[in-house]
A.B. asks: 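The following block contains the structure, expressed as structure tokens.
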2 protein chains.
Amino acid sequence: MPGRWGRGPAKWWHGEFRGCGYRITIPRQIILQVLDESKEHLSAEDIYLKVHNIYPAIGLTTVYRTLDLLINMGLIFKFDFGDGRARYELSRGPKEPSHHHHLICTNCGRIIDYTDFVDEELELLKKTEKKLSKKYSFEIKNHTIQFYGLCEKCSTSKE
Amino acid sequence: MPGRWGRGPAKWWHGEFRGCGYRITIPRQIILQVLDESKEHLSAEDIYLKVHNIYPAIGLTTVYRTLDLLINMGLIFKFDFGDGRARYELSRGPKEPSHHHHLICTNCGRIIDYTDFVDEELELLKKTEKKLSKKYSFEIKNHTIQFYGLCEKCSTSKE
DNA sequence: ATATTAATGAAAATAATTATCAATAAGGAA
DNA sequence: TTCCTTATTGATAATTATTTTCATTAATAT
């Protein structure tokens with residue numbers, strides 16, 4: 001019996017870890033699994049709770065540390081939607097179909113992803129990016145576009 | 001002598017306050033003055049310190065409270081750049097020439113405003129906004145566009 | 001000038017995140 | 001496999017930004 005957390009098939013990110021000299025540990029594997037399964041808008045605490053279900057020994061500290069590591073490796077992206085807690089998502093690059101932008105309700109905090117219309121936006125962003133990198137000698141790695149306002153519920157309930 | 005903090009000429013926002021039934025107080029006047037004078041990326045603490053120079057009786061609580069009020073009135077806008085402290089700027093609307101977007105260095109935290117190339121972006125955003133509001137019944141009030149990456153210094157020092 | 005009540009500021013309370021440090025476990029070497 | 005080195009972990013304490021509480025103060029209408 002290979003232990004309760006058998007190695008299982010090697011994942012796409014194992015190489016990235018090895019390449020950087022990082023160890024592939026159980027907490028890291030499960031945190032990535034959780035991020036991969038739920039994808040959207042998870043706070044550190046959300047992640048902690050989900051991981052905790054699978055691997056109760058996890059500590060919140062480890063979650064924060066791992067998220068930090070993953071950010072630095074470029075595997076995940078951190079968002080601040082203005083409610084005082086950060087959210088994390090697997091960073092599929094801008095070209096991948098799951099790339100999306102956000103609508104954020106400033107009243108109830110609801111976050112809506114949209115993937116429609118992103119294509120045109122991306123085209124323009126690519127151009128802008130090129131100009132900006134040149135002008136400011138800035139190496140652009142990623143971007144966010146967020147629209148703030150009132151969602152349907154909050155908009156009508158305020159009338 | 002009209003007192004150390006004489007009323008001075010009525011400011012553009014006096015009407016907005018009166019209209020909402022809010023009182024025009026010394027702390028509020030000075031906080032707005034500070035925001036108006038420095039405009040960019042001030043944290044609550046930055047604002048507190050600047051106001052404190054002019055009006056030492058100010059309390060940090062009042063700064064937070066006033067910023068909250070100003071956000072709700074739509075006079076200022078709150079940004080989260082991911083370093084754990086919020087920044088505030090006078091919200092000149094998207095049409096005004098000072099409207100800008102941000103380049104954020106994920107290494108040193110430097111924030112660069114750019115106003116170039118914003119016109120094209122705005123045009124597209126306006127279109128996108130229209131489509132999104134319809135599709136998601138979302139009342140869009142504002143937007144942010146931020147590019148994340150490495151500034152010149154951090155980019156070269158990492159090679 | 002006075003009364004009413006919104007606004008203030010000091011201090012305590014929260015909440016998210018980070019630092020500390022002894023114990024554990026991953027991965028290479030024997 | 002077993003041992004060794006050292007990165008990683010988790011419990012706890014420490015920070016830091018922001019909010020809440022509440023008695024005092026001051027802006028406005030009268």
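Every chain is numbered from 1 and lettered A, B, ... according to where its sequence line falls, protein lines coming before strand lines. Just so you know, these numbers come straight off a predicted model, no measurement behind them.
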A.B. asks: What's the CD1-C1' distance between B:Ile26 and C:dT8, to the nearest Å?
C.D. replies: 11 Å
A.B. asks: Start at the 5' end of DNA chain D and walk down; is the nucleotide closest to A:Tyr48 or to B:Tyr22 reached first?
C.D. replies: A:Tyr48
A.B. asks: Separation of B:Arg18 atom CZ from D:dA27 atom C1', in whole Å?
C.D. replies: 9 Å
A.B. asks: Tell me the interatomic distance from B:Leu49, atom CG, to D:dA17, atom P, rounded to whole angstroms.
C.D. replies: 11 Å
A.B. asks: Starting at CD1 of A:Ile47 and ending at P of C:dA16, how long is that distance when rounded to a whole Å?
C.D. replies: 14 Å
A.B. asks: Judged by atom type as modelled, is there a donor-acceptor pair below 3.5 Å linking the side chain of A:Ser91 to the main-chain atoms of A:Leu75?
C.D. replies: yes
A.B. asks: Side-chain N or O of A:Arg28 versus OP1/OP2 of D:dT8: is the shortest distance under 4.0 Å?
C.D. replies: yes
A.B. asks: A:Leu67 CG to D:dT8 C1': how many Å, rounded?
C.D. replies: 15 Å
A.B. asks: Give the minimum heavy-atom separation between A:Tyr148 and A:Asp80, together with the two atoms involved.
C.D. replies: OH-O, 4.3 Å
A.B. asks: Does B:Asp36 use its side chain to pair, donor to acceptor, with the backbone of B:Gln33 at less than 3.5 Å?
C.D. replies: no
A.B. asks: Starting from the 5' end of DNA chain D, give me the residue, A:Arg65 or B:Asp68, whose nearest nucleotide shows up first.
C.D. replies: A:Arg65
A.B. asks: Looking only at N and O atoms, is any donor in the side chain of B:Thr61 or the base of C:dA11 less than 3.5 Å from an acceptor on the other one?
C.D. replies: yes
A.B. asks: How long is the line joining NE2 of B:His14 and P of D:dT28, in whole Å?
C.D. replies: 9 Å
A.B. asks: OP1 or OP2 of C:dT17 less than 4.0 angstrom from a side-chain nitrogen or oxygen of A:Tyr64, does that happen here?
C.D. replies: yes
A.B. asks: Give one of base, sugar-phosphate or nothing for A:Arg23, where a contact means two heavy atoms less than 4.0 Å apart.
C.D. replies: base
A.B. asks: Answer yes if the side chains of A:His143 and A:Glu121 hold a donor-acceptor pair under 3.5 Å, and no otherwise.
C.D. replies: no
A.B. asks: I need the CZ-C1' distance between A:Phe17 and D:dA7, as an integer number of Å.
C.D. replies: 13 Å
A.B. asks: Classify B:Thr25 by what it touches in the nucleic acid, base, sugar-phosphate, or nothing, heavy-atom distance under 4.0 Å.
C.D. replies: sugar-phosphate
A.B. asks: Nearest whole Å is fine: how far is D:dT16 P from B:Glu45 CD?
C.D. replies: 11 Å
A.B. asks: Using only heavy-atom distances, determine whether the side chains of B:Asp113 and B:His41 contain a donor-acceptor pair under 3.5 Å.
C.D. replies: yes
A.B. asks: As a test of reading the structure: which of C:dT8, D:dG10, C:dT17 is closest to the side chain of A:Ala86, going by heavy atoms?
C.D. replies: C:dT17
